[in-house]
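Just below is one structure, and these are the notes that go with it.
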Amino acid sequence: MKHDGQGRKPCRRCLLQDMDMGEEYRTLKRYLDSFDEEIRAEDAEYARRLQICRECSSLREGICMKCGCFVEARALRKQGNCPHEESRW
């Protein structure tokens with residue numbers, strides 16, 4: 001299993017925003033911040049979706065193992081949906 005360079009194992013059930021990812025997360029954050037308001041989910045809905053993803057066994061280091069996306073990006077899209085067989089949001 002990979003370590004984070006400080007002897008700690010990576011968080012398997014965390015979003016990227018919950019981990020110390022340095023430049024990788026900053027790049028994703030810039031991408032998320034560039035989404036037009038028309039396509040963004042409302043803040044409360046985005047937070048609700050992320051909480052569901054945090055509890056999902058398919059989340060691995062910020063990536064959905066059902067589709068391979070960064071869950072923070074998928075959840076931010078107003079028209080986004082959970083790729084799980086039984087969609088959770």
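Because the structure is predicted, anything quoted here is derived from the model rather than measured.
Leu28 and Val71 fall within a single hydrophobic cluster, where Ile, Leu, Val, Met, Phe, Trp and Tyr side chains are chained together by heavy-atom contacts under 4.5 Å.
For Asp43, the CG atom sits in a loose shell: 12 or fewer heavy atoms of surrounding residues, nucleotides or ligands are nearer than 6.0 Å.
Atom SG in Cys64 sits 8.0 Å away from atom CG in Leu59 (nearest 0.5 Å). Note that CZ of Arg49 is 10.0 Å distant from CD of Glu42, once rounded to the nearest 0.5 Å. Interatomic distance, CZ of Arg88 versus SG of Cys56, reported as 4.0 Å (0.5 Å rounding). Considering CZ of Arg48 and SG of Cys53, their distance stands at 10.0 Å, rounded to 0.5 Å. Note: Leu76 CG to Phe70 CZ = 14.5 Å, rounded to the nearest 0.5 Å.
Minimum interatomic distance between Leu32 and Arg40 (heavy atoms only, all atoms of both residues): O-NH1, 2.8 Å. In this structure, Ser87 and Cys82 approach most closely via the heavy-atom pair OG-O, 3.2 Å. In terms of heavy atoms, Ala41 sits closest to Ala75 at CB-O, 4.0 Å.
At least one side-chain heavy atom of Leu50 sits less than 4.5 Å from a side-chain heavy atom of Tyr46. In this structure, Lys78 and Glu45 have side chains that are not in contact, with every pair of non-hydrogen atoms separated by 4.5 Å or more. You'll find the side chain of Trp89 reaches within 4.5 Å of the side chain of Arg74, heavy atoms only.
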Would you sort out whether Glu85 and Lys66 count as a salt bridge (charged side-chain N to carboxylate O under 4.0 Å, His left out), showing the intermediate values?
CA-CA 9 Å; Glu85 294 85 15; Lys66 294 291 181 180; 3.0 Å; yes

